[in-house]
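Working notes, beginning with the structure itself.
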Amino acid sequence: MKRVALIVAVVGLMIVGNAVYAQTTTKGMAFNGATGLITTPTAQIGWERTADVGLDFGYHVVFDDGDISHLPKATVSLFRKGEAGVAYDTMDGAGDDSGAFLIHGKFQFFKEGVSAAGIGTNIQLLELAGNSYNAVQVYLVGTYGGAFFGLPAATSVVFGKTFSDEFVGDSDIDFSMGFELTLFPELFRGYVHWINDFANYSYSVLPSGNNPRNRGAYNTGIRIAPLGSSQYKFVIDAVLADIFDDNDRAFALGATFGLGVN
């Protein structure tokens with residue numbers, strides 16, 4: 001099943017990639033606070049076009065089989081090249097005395113239009129029923145512009161490694177692929193986007209409502225950015241996480257608010 005899902009992901013990547021240059025993306029927040037899709041970070045920085053310094057605040061709420069977890073987050077972008085931030089996962093489905101601080105950082109070392117490449121890390125400080133655990137992920141990410149059936153799109157691919165003695169095997173490699181598609185830009189004025197990703201990892205080794213370790217997870221949603229590209233950012237997310245697996249399927253709502261300063 002993992003091989004089939006990987007083949008589908010690569011074919012999708014080829015379809016989206018063999019196309020024309022795309023417009024800019026919304027630069028919304030992934031669940032852990034990094035500029036990205038749902039689980040997958042992009043190689044883009046939250047404020048890389050219009051501001052030398054940017055500050056984003058975000059929030060997602062995850063509904064998972066009767067449990068509700070909250071993910072507030074904040075990210076600062078510096079000099080249009082890097083970003084760092086923190087999120088907190090209340091992990092309401094994991095019981096009392098549980099929660100996780102998720103610290104992320106990303107540096108963009110290449111950019112040309114929408115296309116970019118970067119390196120990043122995610123540091124996870126977790127409490128599970130009073131016990132402490134740590135995990136560290138390092139990754140390489142590439143994003144490039146394209147089109148899908150004539151609609152502007154941006155595709156991102158991540159390869160990485162998560163280090164965690166308790167939750168991840170020593171030889172496991174992280175992989176994800178996702179794309180953001182601008183839906184009918186003439187009709188919706190470029191404000192409505194379809195976000196998708198497939199990943200064999202999640203935003204945390206103990207995620208709320210999205211645990212892909214058995215088969216990988218496909219996540220999808222709608223992202224609306226009514227302000228377009230300006231010095232202010234307002235992005236709304238409605239997401240279905242791990243939609244092909246009955247035990248891990250979840251629904252999430254979120255928003256990102258941002259301000260850029262030259």
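Sequence positions, counted from 1, serve as the residue numbers for this chain. Treat the numbers as computed from the prediction; the structure is a model and nothing was measured.
Looking at E48, E83, Q44, K106 one by one, the single match for side-chain hydrogen bond (donor to acceptor under 3.5 Å, both in side chains) with T35 turns out to be E83.
Here the CZ atom belonging to F257 is positioned 5.0 Å from the CZ atom belonging to F234, to the nearest 0.5 angstrom. For the atom pair CZ (R249) and CZ (F244), the distance works out to 9.0 Å, reported to the nearest 0.5 Å.
Side-chain contact of N196 with T220: a donor-acceptor pair under 3.5 Å is present, judged by distance alone. Side-chain atoms of D197 and S176 form no donor-acceptor pair, as typed in the model, at a separation below 3.5 Å.
Crowding of F79 atom CZ: a count of heavy atoms from other residues, nucleotides or ligands under 6.0 Å not exceeding 12. Remark: F184 CZ is loosely packed, at most 12 non-hydrogen atoms of other residues, nucleotides or ligands lying under 6.0 Å away. Applying the 6.0 Å contact sphere to CG of D65 captures no more than 12 heavy atoms from other residues, nucleotides or ligands.
Classification of the F31-Y203 ring pair by plane angle, with boundaries at 30° and 60°, yields perpendicular.
The closest donor-acceptor contact from the side chain of T90 to the backbone of H70 lies under 3.5 Å. Distance alone, capped at 3.5 Å, places no donor-acceptor pair between the Q108 side chain and the G118 backbone. A donor-acceptor contact shorter than 3.5 Å is absent between the side chain of H60 and the backbone of A252. With hydrogens and angles disregarded, a donor-acceptor distance shorter than 3.5 Å links the side chain of R223 to the backbone of L37. Judged purely by atom type and a 3.5 angstrom limit, D64 has no side-chain atom pairing as donor or acceptor with the backbone of A250.
A salt bridge does not link K161 with D174: every distance from a Lys NZ or Arg NE/NH1/NH2 to an Asp or Glu carboxylate oxygen is 4.0 Å or more.
Between I68 and V61, some side-chain heavy-atom pair lies under the 4.5 Å cut-off. Annotation: side chain of T25 is not in contact with side chain of T42 (no heavy-atom distance under 4.5 Å). Using a 4.5 Å heavy-atom threshold, the side chains of T155 and M177 count as touching. Inter-residue side-chain proximity for I222 and V192 is flagged as met; some heavy-atom pair is nearer than 4.5 Å. Proximity of Y133 to V205: side-chain heavy atoms (C-beta onward) are nowhere separated by under 4.5 Å.
Among residues two or more places apart in sequence or in another chain, the side-chain contact (heavy atoms from CB on, under 4.5 Å) test is passed with A30 by N32.
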**OP:** Dump the intermediate steps for side-chain hydrogen bond (donor to acceptor under 3.5 Å, both in side chains) on S208 and D89, then the final yes or no.
**Re:** CA-CA 8 Å; S208 297; D89 185 359; 3.2 Å; yes
Original post:
When you look at E127 and S98, which way does the side-chain hydrogen bond (donor to acceptor under 3.5 Å, both in side chains) test go after all the steps?
Top reply: CA-CA 5 Å; E127 292 286 335; S98 297; over 6 Å; no
